[in-house]
Amino acid sequence: MRRRNKFWDLSLQENSSAQCRTRPTDLVFIVDSSRSVRPNEFDKVKIFVSQVIEALDVGPNSTRVGVINYASAVKNELSLRTHQTKTSLLQAVRKIEPLSTGTMTGLAIQFAINRAFSEGEGARVRSPEINKVAIVVTDGHPQDGVKDVSARARALGIEIFAIGVGRVDMHALRQIASQPLDDHVDYVESYSVIEKLELLKFLGQGCQTVDWMCHVQAMPSPGPRREKIAILVSDLCATRDHDCQQLCVSTGASYACACEVGFILNSDGKTCRCRQHMKLYLIFLIDGSKSVRPENFELVKRFINQIVDSLEVSDKNTQVGLVQYSSSVKQEFPLGQYKNKKDIKTAVRKMTYMEKGTMTGQALKYLVDNSFAISSGARPGVPKVAIVFTDGRSQDYINDAAKKAKELGYKMFAVGVGDAIEDELKAIASDPVAEHYFYTADFRTINQIGKKLQTKICVENNVMINTEVRLNCSTGELLHESDVGGESRPLLGPTFSLTLNRW
């Protein structure tokens, strides 16, 4: 199949950032927390572990995750049966503390064989349908042997990735890892860059990725009647060394930026905005309690502006309001006060951190009673969306106000960070709950939730109809188009049919 470099407005699924749908996998992290690993460096390891978990389809019938923490001794922090949801798993990882003694890497791998991958700890019976994967992260020289025990682990069907940091023993890493070593051994010069490792390779052979061959996702070009498509070519964007806001598409020796479903590529060729054809009211309900801390509150403001950037802000499209709460509730600005993105983002940046308690229930009641009222600029018949952001347990009752908001037809998204309570996030979120609440252990990764919310808000508040196109799988040429009036223009050649969404 000929690869094509011509690029139109389109939507593609980006392999490196989308959730990986694995075949069932038992995944165990084996993490070195010896005295050479400083506490702040161990925090970086936990962020890396969390990023891998974020990219997985976690569940009892999909990916189960365990964590072994080791130094001179071995501690089973999380077994494969302990946590069944991604949120509880991320919260547990956040609480792991370093052991700060020696470096018994061989002992840790033996522990994985004997216990972590045992049925009693939640591992599934060995089968070709179940992946067994271990990820070893270490920064030193093992004080025991690793060659023989690693060979036993591999013989039992455990695929081992070895990640070395700083002055690590590279020979020992090669003894630990599965073949081919180029795919299973990684090195970073310091813990400060471990978060930048390419995640996809650690997700196992069960990760269902797609290449460029006859795989198409498309959306209309800006013209009023014509649909265009493009082909996803080989992945030269995997290094993430690009400035695309959403998706990167390799084009031979270069790349082009693309947008997810429901978005349009801006004139800068890098950023995306929502393709909106209807009015929308959006309220941010932001936790400004003491536990957030000033530096993290700045990250929250960036998170708000990240979402605002993707919207069409005007009287005819999206209007945005902002409410901050702690021990009391403060309306920062109501719907419609600011008519463009620039003014909204400026107001967000100027928002002052309240730094008190966490009265989420009171904030939700304010949302119900005031934020979408006619006196606040809202009108009947317009979709109403709220994003509730919190980092801890509410100090008051939330269920009644959360229920009332959903009964009134508000689309409720709940975003939790750090010590946020999963049950509270679920109580706030609209149905289906799993698609409307999000959690991350660290404020530094909330931008990833921001990306997901950009798509959710845009897609759920636009109307889609289906259009069929045909693609010549031999040449990559477009063979069939449907315009708004339903007319089609067939061309010559063998065809591949698919359905795309038109906005």
Side-chain angles (χ1 to χ4, degrees), residues 25-37 41-42 44-53 56 63-80 93 96 98-99 101-117 121 123 131-191 193-195 197-205:
T25 301
D26 293 338
L27 170 62
V28 174
F29 291 92
I30 304 174
V31 179
D32 176 359
S33 68
S34 57
R35 66 174 61 91
S36 61
V37 185
E41 294 174 332
F42 193 67
K44 296 287 187 182
V45 176
K46 292 194 290 184
I47 291 172
F48 167 73
V49 171
S50 295
Q51 287 176 333
V52 176
I53 292 169
L56 293 168
T63 300
R64 302 179 186 180
V65 179
V67 179
I68 295 171
N69 184 10
Y70 78 94
S72 295
V74 180
K75 183 179 181 182
N76 194 29
E77 297 283 1
L78 311 173
S79 73
L80 293 169
V93 168
I96 297 174
L99 301 174
T101 50
T103 311
M104 300 295 284
T105 308
L107 181 66
I109 295 171
Q110 186 64 57
F111 183 93
I113 294 172
N114 293 345
R115 184 167 171 185
F117 283 105
E121 292 298 313
N131 293 330
K132 305 285 184 179
V133 179
I135 300 177
V136 180
V137 183
T138 182
D139 79 332
H141 294 250
Q143 296 173 329
D144 56 356
V146 297
K147 181 178 179 180
D148 291 342
V149 70
S150 299
R152 288 197 296 274
R154 296 192 300 266
L156 290 170
I158 301 172
E159 181 180 16
I160 307 177
F161 293 90
I163 302 172
V165 184
R167 302 172 74 175
V168 70
D169 183 344
M170 292 300 297
H171 178 65
L173 290 185
R174 289 189 286 270
Q175 290 182 326
I176 292 169
S178 296
Q179 294 287 343
L181 293 179
D182 285 348
D183 292 340
H184 291 85
V185 176
D186 260 290
Y187 171 80
V188 291
E189 60 186 17
S190 71
Y191 283 102
V193 293
I194 193 171
E195 305 161 48
L197 283 173
E198 179 60 37
L199 301 183
L200 192 59
K201 69 183 296 179
F202 302 114
L203 304 184
Q205 294 180 353

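Treat the numbers as computed from the prediction; the structure is a model and nothing was measured.
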Looking at [Y], is its backbone amide N or carbonyl O close enough to the side chain of [X] to form a donor-acceptor pair, meaning the two atoms are under 3.5 Å apart?
{"X": "S178", "Y": "I160", "answer": "yes"}
{"X": "S72", "Y": "T101", "answer": "no"}
{"X": "D26", "Y": "A123", "answer": "no"}
{"X": "S33", "Y": "L99", "answer": "yes"}
{"X": "K44", "Y": "I194", "answer": "no"}
{"X": "Y187", "Y": "G166", "answer": "yes"}

Return the [atom1] to [atom2] distance between [X] and [Y], rounded to the nearest 0.5 Å.
{"X": "R154", "Y": "R152", "atom1": "CZ", "atom2": "CZ", "result": "11.0 Å"}
{"X": "E121", "Y": "F111", "atom1": "CD", "atom2": "CZ", "result": "7.0 Å"}
{"X": "Q143", "Y": "S34", "atom1": "CD", "atom2": "OG", "result": "8.0 Å"}
{"X": "L173", "Y": "T138", "atom1": "CG", "atom2": "OG1", "result": "7.0 Å"}
{"X": "I96", "Y": "I68", "atom1": "CD1", "atom2": "CD1", "result": "11.0 Å"}
{"X": "Q110", "Y": "S150", "atom1": "CD", "atom2": "OG", "result": "10.0 Å"}

Does some side-chain heavy atom of [Y] sit less than 4.5 Å from a side-chain heavy atom of [X]?
{"X": "V137", "Y": "I30", "answer": "no"}
{"X": "V93", "Y": "F29", "answer": "no"}
{"X": "V185", "Y": "M170", "answer": "yes"}
{"X": "V74", "Y": "M104", "answer": "no"}
{"X": "L181", "Y": "Q179", "answer": "yes"}
{"X": "D186", "Y": "F161", "answer": "no"}
{"X": "K132", "Y": "I158", "answer": "yes"}
{"X": "F42", "Y": "N69", "answer": "yes"}

Can you name the nearest heavy-atom pair linking [X] to [Y], along with the distance?
{"X": "V28", "Y": "F117", "value": "CG2-CZ, 3.6 Å"}
{"X": "I135", "Y": "I163", "value": "CG2-CD1, 3.8 Å"}
{"X": "N76", "Y": "R115", "value": "ND2-NE, 3.8 Å"}

Exercise for review: Would you mind telling me which of L107, V31, T103 makes a side chain to side chain contact (heavy atoms under 4.5 Å, CB included) with Y70?
Suggested key: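 Of the listed options, the one satisfying the test is T103.
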
**Study point:** Whether over 12 other heavy atoms sit under 6.0 Å from H171 NE2
**Key:** no

